[in-house]
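We number each residue from 1, following the sequence as shown. Values below: all heavy atoms of this structure, side chains included; hydrogens, waters and symmetry mates excluded.
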Amino acid sequence: MEFSPGFYLVFVISLLAAEYLLGAASDILNIRHIDKKLPEDFTGFYNDKDYEKSQNYLMETTKFELISSTFVLFLTITFIIVGGFGWVDRLARSFSLGEIATGIIFIFILKTGVDILEIPFETYETFVIENKYGFNRTAPKTFVTDILKEWCLSIIIGAPVAAAVFFIFGNFGKQAWLYVWFFIILVQLFVSFLAPVLILPLFNKFSPVKDENLKKTIEEYLQKNNFRIKGIYVMDGSKRSTKTNAFFIGFGKFKKIVLYDTLIKKHSPEEICAILAHEIGHYKKKHILISGAFSFANLGLMLYLLQMFIGNENLFKAFKMDHVSVYGGIVFFGFIYSPISLILSLLLNMLSRKFERQADKFAAETTKDKETMIKTLKKLTVENLGNLKPHPLKVFLYYSHPPVIERIKFIKSL
């Protein structure tokens, strides 16, 4: 069935408005769900002043998110209605460099425009809100160089990948989506191997753990649970924030543990081991593979549907584009795909919350120390001013982890 340009225009604007209203409703309900009474589980971890501070942080970040999302919605709809995409396309075509180069210029102009508009919001969030609540450690120089490095990576990695995608869709007919699917999967796997070696060191410094007691505690746990890694490293996360974190990089026998220096400073070796036990649980339970398969399947579905819309003339007319192009079709399809993307993200979040409980269970069983796990969760929440009682709608829509009170209750029940 063929739809008119007017239908596509109204449909896209309605989707944008609906997504915005859903997010805004969950944010407002989340603020109204704030409970002034400290949960009993956190007695002795939060004092009254810090608990009030966590609630103020939630309110301020939520209000800022509402303001920024309102601005983005207004600007996006205005840009569509006044024919902004058509103007950018005419500018890109004025260089007369061929379809693929024109597509890269088109995407580059749009991305640069979005990035520039985001800078004031990122600046305020980093140097005002995060600074006010004691999290920010980012120097202005680091903030600027991070942006420049990200732009360079977009050009070095993003431009060739985009060119290949444009070429495949432009030359391989109805099977193009399948070739693009395989190509992007290969690129993602390649970048995953490349990131620990070439990309991450551009932004942070990594060095082997020097704390012998910490190293011994982790290695003993790894040996007991037959989990091999390439090494244990410390990352200078404190150069940007006081928030704590730990993660794995690499695959198979090349896996490495990375600990924020802030985590090592604030937690004992046993607490850090409890955090890593949870992450190792994800590997042992095959959560990484399952989530990856889900993401690749989602990518395949998206590309299959994209193939149907990529040359739709009425869709281009809705965005006031004079020329039908692969690159334009990809951008515009992104708007149409948003309802499917939302449904799939809800399913993935539900799956992720289930996986988190399984990883908590694995950690509790293998460390045989539920009390340390619970203590660690509480400390992490307090350090990051986490929301103890999020609204159920907020959890349903956006949370990949169960709320911390639920996690604590679950661990106690084991």
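The structure places NZ of Lys205 at 13.5 Å from OH of Tyr233, a figure rounded to the nearest 0.5 Å. Rounding to the nearest 0.5 Å places NZ of Lys215 at 11.5 Å from CG of Leu222. Between the CG atom of Asn56 and the OH atom of Tyr133 there is a distance of 4.5 Å, given to the nearest 0.5 Å. Rounding to the nearest 0.5 angstrom, the gap separating the CD1 atom in Ile229 from the CG atom in Leu276 is 8.5 Å. Put simply, CG on Asp27 and CG on Leu66 are 4.5 Å apart, with the number rounded to the nearest 0.5 Å. With values rounded to the nearest 0.5 angstrom, Asp211 atom CG is found 5.0 Å from Leu214 atom CG.
Heavy-atom minimum distance, Ser400 versus Ser352: O-OG, 2.7 Å. Taking all atoms of both residues into account, the shortest heavy-atom contact from Glu99 to Ser325 is OE2-CB, 3.3 Å. Residues Tyr46 and Ser54 come closest through the heavy atom pair OH-CB, 3.3 Å. Scanning both residues, Ser241 and Thr262, for their nearest heavy atoms gives O-CG2, 3.8 Å. Contact detail for Val324 and Ile310: the closest heavy-atom pair is CG1-O, 4.2 Å. Of all the heavy atoms in Ala359 and His282, the pair that sits closest is CB-CE1, 3.6 Å.
Checking side-chain atoms of Gln307 against main-chain N and O of Leu178 turns up no donor-acceptor pair under 3.5 Å. Between the side chain of Ser26 and the backbone N or O of Lys394, no donor-acceptor pair lies under 3.5 Å. With hydrogens and angles ignored, the 3.5 Å screen pairs a side-chain donor or acceptor of Thr145 with a backbone N or O of Thr142. Checked by atom type and distance alone, the side chain of Ser341 never pairs as donor or acceptor with a backbone atom of Ser338 at under 3.5 Å. Of the possible polar contacts, none joining the Thr244 side chain to the Leu263 backbone as a donor-acceptor pair under 3.5 Å is found. Between the side chain of Thr376 and the backbone N or O of Ile272, no donor-acceptor pair lies under 3.5 Å. Of the possible polar contacts, one joining the Arg353 side chain to the Val395 backbone as a donor-acceptor pair under 3.5 Å is found. Using a distance-only test at 3.5 Å, with no hydrogens or angles considered, no donor-acceptor pair links the side chain of Thr126 to the main chain of Thr123. Judged purely by atom type and a 3.5 angstrom limit, Ser295 uses its side chain to pair as donor or acceptor with the backbone of Ser291. Remark: side-chain polar atoms of Thr112 are not paired, donor with acceptor, to backbone N or O of Ile109 under 3.5 angstrom.
Side-chain contact between Leu347 and Asn349: absent, with no pair of heavy atoms (C-beta onward) separated by less than 4.5 Å. Taking the side chain as every heavy atom from C-beta outward, Lys389 and Pro39 approach each other to under 4.5 Å. Side chains of Ile157 and Ile199 form a contact here, defined as non-hydrogen atoms less than 4.5 Å apart. Between Ile257 and Phe247, the closest side-chain pair of non-hydrogen atoms is not below 4.5 Å. In this structure, the side chains of Leu305 and Ile340 come closer than 4.5 Å at one or more pairs of heavy atoms. You'll find the side chain of Leu377 reaches within 4.5 Å of the side chain of Ile411, heavy atoms only.
Remark: Lys239 NZ is packed, more than 12 non-hydrogen atoms of other residues, nucleotides or ligands lying under 6.0 Å away. Summarising the local packing, NZ of Lys111 is surrounded by more than 12 heavy atoms from other residues, nucleotides or ligands at distances under 6.0 Å. Atom CZ of Phe108 sits in a sparse spot, with 12 or fewer heavy atoms from other residues, nucleotides or ligands closer than 6.0 Å. Within a 6.0 Å sphere centred on CZ of Phe74, other residues, nucleotides and ligands contribute 12 heavy atoms or fewer. Few gaps surround NZ on Lys266; more than 12 heavy atoms of other groups in view lie less than 6.0 Å from it. For NZ of Lys285, the number of neighbouring non-hydrogen atoms (other residues, nucleotides, ligands) closer than 6.0 Å is 12 at most. No more than 12 heavy atoms of other residues, nucleotides or ligands shown are found within 6.0 angstrom of CD on Glu19. For CE of Met308, the number of neighbouring non-hydrogen atoms (other residues, nucleotides, ligands) closer than 6.0 Å is greater than 12.
The aromatic ring centres of Phe169 and Tyr327 sit 6.0 Å or more apart. Taking the six-membered ring for Trp and the full ring otherwise, Phe127 and Phe143 have centroids separated by under 6.0 Å. Proximity of the aromatic rings of Phe332 and Tyr8 is defined here by a centroid distance below 6.0 angstrom, and this criterion is not met. Taking the six-membered ring for Trp and the full ring otherwise, Tyr283 and Phe362 have centroids separated by 6.0 Å or more.
Under a 4.0 Å N-O distance rule, the pair Asp261/Lys265 does not qualify as a salt bridge. The residues Glu271 and Lys375 are annotated as salt-bridged, a charged nitrogen and a carboxylate oxygen being separated by less than 4.0 angstrom.
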Evaluate Asp236 against Phe206 for side-chain contact (heavy atoms from CB on, under 4.5 Å), listing each step before the verdict. CA-CA 7 Å; Asp236 58 340; Phe206 296 81; over 6 Å; no
Please step through side-chain hydrogen bond (donor to acceptor under 3.5 Å, both in side chains) for the pair Asn136 and Arg240, ending with a clear verdict. CA-CA 6 Å; Asn136 179 50; Arg240 292 182 180 83; over 6 Å; no
Could you walk me through whether Val404 and Leu380 pass side-chain contact (heavy atoms from CB on, under 4.5 Å), step by step? CA-CA 10 Å; Val404 65; Leu380 288 170; over 6 Å; no
Quick one: do His391 and Arg32 satisfy side-chain contact (heavy atoms from CB on, under 4.5 Å)? Show the steps, please. CA-CA 8 Å; His391 190 276; Arg32 291 182 177 178; over 6 Å; no
Between Phe135 and Tyr57, is a ring-ring contact (aromatic ring centres under 6.0 Å, His included) present by the stated rule, with each step listed? CA-CA 11 Å; Phe135 291 130; Tyr57 179 66; 5.3 Å; yes
Show, in sequence, the C-alpha distance, side-chain angles and deciding distance for Asn245 and Leu259, and conclude whether the side-chain contact (heavy atoms from CB on, under 4.5 Å) test is met. CA-CA 7 Å; Asn245 201 3; Leu259 309 171; over 6 Å; no
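With sequence neighbours excluded, no residue forms a side-chain hydrogen bond (donor to acceptor under 3.5 Å, both in side chains) with Arg137.
Geometrically, Lys149 engages Phe203 in a cation-pi contact defined by less than 6.0 Å to the ring centre and at most 45° from the axis. The cationic atom of Lys255 (NZ for Lys, CZ for Arg) lies less than 6.0 Å from the six-membered ring centre of Phe227 and within 45° of the ring axis.
The only member of Phe11, Tyr337, Phe333 that meets ring-ring contact (aromatic ring centres under 6.0 Å, His included) when paired with Phe309 is Phe333.
Note on residues 397-411: pairs passing salt bridge (charged side-chain N to carboxylate O under 4.0 Å, His left out), not counting sequence neighbours, are Asp360-Arg407. Applying the salt bridge (charged side-chain N to carboxylate O under 4.0 Å, His left out) test to pairs two or more places apart or on separate chains, those with a residue in residues 44-66 are Glu60-Lys132.
Judged purely by distance below 3.5 Å, without hydrogens or angles, the side chains of Tyr221 and Thr366 pair a donor atom with an acceptor atom.
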